[in-house]
Protein chains: 2
Amino acid sequence: MANSTSGDSVVDRVVRVIAAFPEGVTSLQLTDLAERAGLPLSSAHRLVRQLSEHGLLDLGAGGNVRLGLRLWELVNRNSPTLALRQAAMPFMEDIQQVLNQNVNLAVLDGWEALFVERLSRRGSVANRARIAGRMPVHISSAGLALMSHQPRELQAEYLQQFQDPSGKVTADVVRHFLAEAAQQGYAQLAGVVDPDTWGIAVPVMNGKRRTVAALGVVVPLAEMRLQALVPALQTAARGIGRQLGE
Amino acid sequence: MANSTSGDSVVDRVVRVIAAFPEGVTSLQLTDLAERAGLPLSSAHRLVRQLSEHGLLDLGAGGNVRLGLRLWELVNRNSPTLALRQAAMPFMEDIQQVLNQNVNLAVLDGWEALFVERLSRRGSVANRARIAGRMPVHISSAGLALMSHQPRELQAEYLQQFQDPSGKVTADVVRHFLAEAAQQGYAQLAGVVDPDTWGIAVPVMNGKRRTVAALGVVVPLAEMRLQALVPALQTAARGIGRQLGE
DNA sequence: ACACGTTCTACCATTGAATGGAAGGCGCTC
DNA sequence: GAGCGCCTTCCATTCAATGGTAGAACGTGT
């Protein structure tokens with residue numbers, strides 16, 4: 001027993017502590033946190049105290065641990081998607097105003113679409129909750145739009161490892177979806193969350209024609225009019241791409 | 001030379017690396033980062049590599065370092081202000097729709113107001129940029145609204161240490177502002193950024209009547225109508241507080 | 001085309017910082 | 001009021017973190 005019986009580095013442990021919060025949970029008891037991070041209580045306590053001295057965590061009275069405001073501030077000020085979101089925001093607002101639908105912006109992370117920005121349909125209850133949400137590539141229009149415009153090797157690697165936990169979808173079906181999306185220049189998919197909605201998404205390409213994001217809308221089935229939606233999205237996506245430069 | 005010649009802990013160093021990004025900068029060269037963090041290059045390199053293996057940072061080709069998507073995701077999913085922002089969002093949209101002004105939400109962090117959410121005036125260029133921005137208490141309506149409703153001891157401590165770097169404002173002036181804001185139930189201040197705008201902010205109290213945030217608008221001087229703005233803000237603030245519970 | 005400067009990356013002997021069990025508080029419940 | 005759960009502190013042990021050094025990979029100017 002000395003510098004780590006478990007053979008993990010300090011950095012490993014710091015990451016485990018920060019990542020120990022389950023989705024949507026903002027506050028954790030120290031003992032709980034220690035268990036979730038797989039650390040001895042005294043070690044967890046020491047790390048949390050050190051991190052909270054720097055404002056990355058907030059160690060409140062009674063062992064109540066939260067993420068620190070300073071961490072939130074740092075990440076939001078220097079977020080890797082900052083330029084993308086700034087470039088996209090005006091165009092997303094245009095889409096929201098003109099089409100009056102839920103608009104979202106996603107990037108590819110691993111085999112999932114990570115939603116980095118979202119504007120709600122006017123009048124609908126704001127669900128900023130889903131920001132920072134993830135969807136597997138094969139069940140989201142944003143994911144399909146992103147993957148269908150990636151380099152061949154990456155698509156091949158994706159399809160090679162693909163398997164649907166529910167067993168409903170095969171790699172061949174996904175391959176077909178991707179080919180269709182690549183050919184059409186947009187992806188559409190019946191809503192998985194809500195059966196009465198559709199998702200439509202188009203790729204956003206930077207100056208080098210690399211696909212860096214997907215711009216999409218979620219519309220009620222009744223209001224599904226591809227002829228109107230797709231051109232609007234594609235125009236906005238080009239505008240975003242131009243703004244991005246590089 | 002062994003475990004740190006400089007006498008700082010690993011945690012200190014990890015924090016310095018993450019916090020080394022200047023405001024608005026999303027990408028840094030390794031050498032630059034090492035210098036900013038005050039670390040030997042080889043140490044910085046090792047830490048960055050470890051952190052990027054966990055997705056907290058992203059070490060790209062050629063020593064290009066960014067914050068990791070995983071970090072952004074973690075922080076946004078478990079942000080300490082998540083509940084506040086979710087509770088406030090619908091009311092902020094109401095304000096935006098009804099008054100058609102820039103709406104913002106701030107919390108107190110140290111002696112500064114930290115803006116955690118912002119909705120732009122319809123039609124104006126979206127400036128989500130300023131999210132995660134800070135303003136000193138004494139030159140922001142949000143700051144004054146927050147501080148004027150804090151416990152006496154905290155206010156005393158604030159005033160005691162107060163000094164304006166520019167030398168334009170004295171502690172007595174701030175004391176007067178705070179007293180006025182406390183008595184009126186709202187704070188107003190001529191825009192510091194733009195001389196033709198005013199800021200108005202009201203405190204948001206949770207169920208225990210603790211002031212946890214400030215809700216404010218920024219209006220052009222020409223559209224300044226306190227009689228219309230303040231009641232709307234106060235009503236929304238009460239709604240938010242009720243939603244927060246606790 | 002070549003040499004130079006800059007930056008990233010890898011290696012490895014040294015050593016003091018990280019570790020975690022144990023014991024001491026504190027508040028709560030039964 | 002005794003027991004329980006949880007937070008917090010202490011400190012001897014020891015191995016993981018350190019950073020100088022050297023090499024690789026660019027890019028640039030002559």
Side-chain angles (χ1 to χ4, degrees), chain A residues 1-22 25-68 78 80 208 246, chain B residues 1-22 25-68 78 80 208 246:
Chain A
M1 48 214 81
N3 257 359
S4 151
T5 34
S6 39
D8 48 6
S9 70
V10 180
V11 172
D12 292 337
R13 295 166 164 229
V14 167
V15 173
R16 285 221 301 281
V17 166
I18 292 177
F21 292 81
V25 172
T26 61
S27 171
L28 235 41
Q29 284 305 102
L30 188 53
T31 304
D32 193 7
L33 178 64
E35 187 168 1
R36 287 174 188 275
L39 292 174
L41 179 58
S42 62
S43 296
H45 181 256
R46 179 165 26 83
L47 285 176
V48 167
R49 191 168 41 69
Q50 284 179 306
L51 286 168
S52 68
E53 274 163 14
H54 290 285
L56 290 214
L57 292 183
D58 176 29
L59 176 54
N64 185 286
V65 185
R66 295 169 168 260
L67 295 188
N78 307 302
K208 294 267 171 286
E246 181 186 357
Chain B
M1 49 212 79
N3 258 357
S4 149
T5 34
S6 41
D8 49 5
S9 69
V10 180
V11 172
D12 292 337
R13 293 164 166 230
V14 168
V15 173
R16 285 221 299 281
V17 166
I18 293 177
F21 293 81
V25 173
T26 61
S27 170
L28 235 41
Q29 284 304 104
L30 189 54
T31 304
D32 193 7
L33 178 65
E35 186 167 2
R36 288 175 189 275
L39 292 174
L41 178 60
S42 61
S43 296
H45 181 256
R46 179 167 25 84
L47 284 176
V48 167
R49 191 170 41 69
Q50 284 180 306
L51 286 167
S52 68
E53 275 163 14
H54 290 286
L56 290 215
L57 293 182
D58 176 30
L59 176 54
N64 185 285
V65 185
R66 294 169 168 259
L67 296 188
N78 307 302
K208 295 266 170 287
E246 181 191 359

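Just so it is clear, the values below take in all heavy atoms, side chains as well, and ignore hydrogens, waters and symmetry mates. Below, read A as the first sequence line, B as the second, and so on, with proteins coming before strands; counting in each chain starts at 1.
Look at CG on A/Asp12: it is 11 Å from P on C/dT19, rounded to the nearest Å. As rounded to whole Å, 15 Å separates atom C1' of D/dT8 from atom CG of A/Leu33. If you measure from atom CG of A/Asp32 to atom P of D/dG5, you get 15 Å, rounded to the nearest angstrom. Separating the NE2 atom of B/His45 from the P atom of D/dA22 is a distance of 19 Å, rounded to the nearest angstrom. Rounded to an integer number of Å, the gap from A/Leu39 CG to C/dG20 P is 8 Å. In this structure, the CG atom of A/Asp8 is 11 Å from the C1' atom of C/dT19, given to the nearest Å. Going from atom CD of A/Gln50 over to atom C1' of C/dT19 covers 12 Å, rounded to whole Å. With rounding to whole Å, B/Arg16 atom CZ is found 11 Å from D/dT18 atom P.
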Between N or O atoms, less than 3.5 Å apart, protein on one side and nucleotides 24-28 of chain C on the other: list the pairs.
none

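Here the OG1-CG distance, from A/Thr26 to A/Asp58, works out to 10.5 Å after rounding to the nearest 0.5 Å.
A 6.0 Å sphere centred on CD of A/Glu53 holds more than 12 heavy atoms belonging to other residues, nucleotides or ligands. Applying the 6.0 Å contact sphere to CD of B/Gln29 captures more than 12 heavy atoms from other residues, nucleotides or ligands.
Nearest-nucleotide mapping onto DNA chain D: of B/Leu47 and A/Ser42, the residue sitting toward the 5' end is A/Ser42. Annotation: of the two residues near DNA chain D, A/Leu30 and A/Val11, the 5′-most nearest-nucleotide partner is A/Leu30.
Applying a 4.0 Å cut-off to non-hydrogen atoms, the residues of residues 51-67 of chain A that approach DNA chain D are A/Gly62, A/Gly63, listed by residue number.
For A/Arg46, a side-chain nitrogen or oxygen approaches OP1 or OP2 of C/dT19 to under 4.0 Å. The side chain of B/Arg13 contributes no N or O atom lying less than 4.0 Å from OP1 or OP2 of D/dA17. At least one side-chain nitrogen or oxygen of B/Ser43 sits closer than 4.0 Å to the OP1 or OP2 atom of D/dG19.
Nearest heavy-atom pair across B/Leu59 and B/Arg49 is CD2-CA, 4.2 Å. When all heavy atoms are compared, the tightest approach of B/Pro22 to A/Asn78 is O-OD1, 2.7 Å. In plain terms, the two heavy atoms of B/Val65 and B/Phe21 that are nearest each other are O-CE2, 3.5 Å. The two residues A/Ser27 and A/Asn64 come nearest to each other via the heavy atoms OG-ND2, 2.9 Å. Nearest heavy-atom pair, A/Val17 versus A/Val48, reported as atom, atom and distance to 0.1 Å: CG1-CG2, 4.2 Å. The minimum heavy-atom distance linking B/Ser9 with A/Gln50 is given by the pair OG-NE2, 3.5 Å.
Classification of A/Asp32 and A/Arg36 as a salt-bridged pair holds, one side-chain N sitting under 4.0 Å from a carboxylate O.
Across C/dG21, C/dT9, D/dT18, the shortest atom-to-atom separation from the side chain of B/Val10 is found for D/dT18. Checking D/dG19, C/dG20, D/dT8 against every side-chain atom of B/Pro40, the shortest atom distance belongs to D/dG19. Relative to the side chain of A/Arg49, the nucleotides C/dT7, D/dT9, C/dA18 differ in distance, and D/dT9 lies closest.
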